[in-house]
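Worksheet: the structure to be examined is printed underneath.
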Amino acid sequence: MSAVGRDVARVESRVKVTGAARYSYEHTPSDVLYAWIVTSTIARGRVVSIDSAAVAAMPGVAFVMTAENAPRLHDAGDAEVLVLQSSRVSYRGQVVAVVLADTPETAREAAERLPVVYEEEQADVRLTRTHPRLYAPEYTNAMFATDSVIGDVDAALASAAVTIDATYSTPAAFNNPMEPHATVARWNDDGLDLLDSTQGTNWAQATIATLFDLPPERVRIRSEHVGGGFGSKGPTRPGAVLAAMASLLVGRPVKIAYTRQMMFGLAGYRSPTISRVRLGADPDGTLTAVGHDAIGQVSGIQEFVEQTAVPTRHMYAASHRRTTHRVVALDVPTPSYMRGPGETPGLYALESAMDELAFALDIDPVELRVRNEPAVDPESGERFSSRHLVECLRRGAERFGWAARDRRPGRRREGRWMVGTGVASSLYPADVVPSTARITALPNGRFELAINATEIGTGGRTVIVQLAADALGVELHRIDVRIGDTRLPPAAVSGASWGTASWGWAVIRAGEELARRLASRPTMPPEGISVTVDTAEEVVAMEPMARFSFGAQFVEARVDLDSGEVVVPRMLGVFAAGRILNPRTARAQLVGGMTMGLSMALHEDAEVDPGTGRYLARDFASYHIAAHADAPDVEVEWIDEHDPHLSPIGGKGIGEIGMVGTAAAVANAVHHATGVRVRDLPIHPDRLLRDLPRR
């Protein structure tokens with residue numbers, strides 16, 4: 001019986017629920033020192049002085065590291081990790097010192113007492129659509145083109161029967177995995193050993209090795225268990241570098257962990273976005289023009305450009321198309337990866353505009369999307385490896401009871417509640433990255449699978465064991481797996497929804513080759529038989545195609561006429577993401593993504609104080625996220641699909657597709673319930689109350 005496709009429990013579930021699984025910060029060497037980060041209280045300027053003498057003399061304090069005594073680092077292409085290399089302050093919350101002590105309590109107390117004197121300069125921290133320093137970057141994240149123009153959008157809009165011209169915005173959003181960023185660093189005769197909460201130890205190894213001018217083999221990084229990441233733990237963050245720097249200075253192991261408050265400055269975040277979307281259509285709903293102009297922010301030290309308008313290039317057919325990106329460098333922390341980069345804020349804007357167009361044309365929103373389904377990728381002209389968005393929309397409409405819906409907004413009331421439903425389409429790139437896997441057959445009848453993949457809570461560790469079992473033709477329980485260590489065969493980072501497809505390709509090939517060798521050998525040598533496979537040549541030889549996962553989200557929203565409160569009693573997502581390898585872990589990922597999208601739509605908000613440069617939300621008391629009561633009924637389903645054009649496993653990434661359309665579906669449902677269109681997330685009661693009808 002095939003292991004792939006079965007509802008298999010996680011292979012690490014027992015060690016997690018019993019507490020035997022050890023995360024980075026839970027490793028405590030006997031002579032360890034605890035580090036506490038001191039962050040800047042200004043947004044722009046320089047550190048004039050740090051008088052550390054009194055703090056260094058406190059009982060239990062071992063060292064105070066500042067820009068004056070910190071090791072010099074080499075440029076690794078990311079200025080955010082060049083910590084304590086100068087006295088300049090580029091944003092509020094930037095690292096200005098680190099205190100080392102025998103206990104975390106002592107380190108924290110000493111850090112709070114450390115006197116830091118600044119010379120403050122006027123800071124610029126507010127993103128606006130008319131900022132005078134907006135510019136066109138060379139490219140966006142993932143090396144996508146900054147602008148794309150096909151045809152003449154302005155002329156097509158001028159002649160269109162119906163047009164939409166609306167601006168949508170999303171605030172800064174912050175990654176907050178259950179496990180904050182944490183590192184244990186130790187230098188030894190072999191070099192540097194890091195236990196790090198990272199989504200990719202190979203990527204981290206390359207960065208750390210460059211910073212400290214070491215051969216990569218002298219940097220070992222391990223991350224056997226990681227408590228979530230959502231993109232924030234993809235690139236190396238300052239905490240890991242600080243731990244390594246401090247350990248080098250004091251000659252002892254050093255532990256460092258971000259507090260929840262530090263996560264709002266040192267862990268990356270999604271840039272706020274402003275999107276102007278213009279649509280032109282014929283009376284029958286056929287799109288003739290699509291324009292999407294996106295604005296975002298970068299920091300003054302590092303450029304990371306959210307690819308907000310990129311998904312608009314691929315979603316719907318239209319003869320005339322234009323997408324642009326403009327950014328401004330502000331005195332703020334550096335934006336970085338967050339679940340569904342680009343697609344999440346970009347599709348919120350596009351799918352909201354599509355809903356507005358459906359209302360203007362008096363066409364059902366599902367039907368409008370179906371009528372504009374492209375035969376090939378609208379941007380590249382390439383054929384899709386698979387595209388079953390229409391099936392997702394049709395199936396979702398059937399399951400959700402969409403046919404009974406009155407298209408007119410504000411028509412359904414139940415007591416003090418106005419009730420509505422909304423829909424949005426989803427799209428996310430399906431990619432693979434070359435990876436290497438080793439499988440060893442042992443004389444005792446067991447097998448060892450070794451690959452430097454990272455398990456961040458998605459179930460990837462379990463799925464690669466399932467793939468190995470099928471490739472070898474053996475039972476799951478006979479396979480032991482080793483992951484999360486740079487001494488293992490290198491593999492893709494756990495991010496961008498490409499982890500399982502990339503790792504699985506290498507695992508399948510190694511398993512197939514080992515099975516062939518075992519079939520031809522009558523006896524097993526004492527050391528066993530090992531096969532290592534690198535997929536680089538196969539990946540490079542892939543046929544050019546447009547590869548995406550697709551989905552459709554349906555939402556019911558209820559709005560309280562007295563308070564403006566919005567509740568979402570039910571959500572449904574239907575997805576086309578290739579072969580589903582493990583229904584249990586897949587369902588968890590898709591439900592989690594939709595819940596995160598709900599959070600984005602209704603709760604998450606981070607305003608920056610223009611006077612101090614500080615984001616006012618700094619913890620879960622002020623930065624609200626969805627709890628269980630906010631998402632009582634979230635259902636997911638998937639289309640039976642097998643895409644052989646991405647990797648041999650037939651599946652696509654599902655880590656992000658669940659999120660990217662949800663916020664738009666919620667906003668569309670709120671409009672259908674009330675007739676009030678909120679274009680600036682989140683949809684807080686105060687943005688509805690003024691325009692709600694009286695009860």
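All values below come from the heavy atoms of this structure, side chains included, with hydrogens, waters and symmetry mates left out. For reference, positions follow the sequence shown, starting with 1.
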Would you call the rings of Phe212 and Trp187 parallel, tilted or perpendicular, taking 30° and 60° as the class edges?
perpendicular
State whether Phe548 and Lys652 meet the cation-pi test: NZ (Lys) or CZ (Arg) under 6.0 Å from the six-membered ring centroid, and within 45° of the perpendicular axis.
no
Are any side-chain N or O atoms of Asn141 and backbone N or O atoms of Ser336, one a donor and one an acceptor, separated by less than 3.5 Å?
no
Result block: side-chain N/O donor-acceptor pairs under 3.5 angstrom for residues 231-242, not counting sequence neighbours:
| unit_1 | atom_1 | unit_2 | atom_2 | d |
| --- | --- | --- | --- | --- |
| Ser232 | OG | His181 | NE2 | 3.3 |
| Ser232 | OG | Gly229 | O | 2.9 |
| Lys233 | NZ | Glu179 | O | 2.7 |
| Lys233 | NZ | Glu179 | OE1 | 3.2 |
| Lys233 | NZ | Ser197 | OG | 2.7 |
| Lys233 | NZ | Gly228 | O | 2.9 |
| Arg237 | NE | Leu266 | O | 3.4 |

Hey, could you give me each pair passing salt bridge (Lys or Arg N to Asp or Glu O under 4.0 Å) that has a residue in residues 121-133? Not counting sequence neighbours.
Arg44-Glu121, Arg88-Glu121, Asp124-Arg133
Name the atoms and distances for all side-chain donor-acceptor pairs under 3.5 Å in residues 653-662, with sequence neighbours left out.
| unit_1 | atom_1 | unit_2 | atom_2 | d |
| --- | --- | --- | --- | --- |
| Glu656 | OE1 | Tyr428 | OH | 3.2 |
| Glu656 | OE1 | Ser497 | N | 3.1 |
| Glu656 | OE1 | Ser497 | OG | 2.6 |
| Glu656 | OE2 | Gly340 | N | 2.9 |
| Glu656 | OE2 | Tyr428 | OH | 3.2 |
| Thr662 | OG1 | Gln553 | NE2 | 3.3 |
| Thr662 | OG1 | Gly658 | O | 3.0 |

State, with a plain yes or no, whether a side-chain heavy atom of Tyr34 is found less than 4.5 Å away from one of Thr28.
yes
Counterpart residues, side-chain contact (heavy atoms from CB on, under 4.5 Å), relative to Pro311 (two or more places apart):
Glu343, Leu347, Leu427
Is the closest basic N to carboxylate O distance between Arg326 and Asp293 below 4.0 Å?
no
Test item: Asn452 and Thr486 side chains (from C-beta on) under 4.5 Å apart, heavy atoms
yes
Ring-ring centroid check Tyr615 Phe174, cutoff 6.0 Å
yes
At what distance, to the nearest 0.5 angstrom, does CD of Glu224 lie from OG1 of Thr201?
12.0 Å
Does Arg614 have any salt bridge (Lys or Arg N to Asp or Glu O under 4.0 Å) partners at least two apart in sequence or in another chain, and if so, which?
none
I'd like to check the side-chain contact (heavy atoms from CB on, under 4.5 Å) partners of Pro682; sequence neighbours left out, ordered by chain and number.
Pro171, Asp605, His684, Arg687
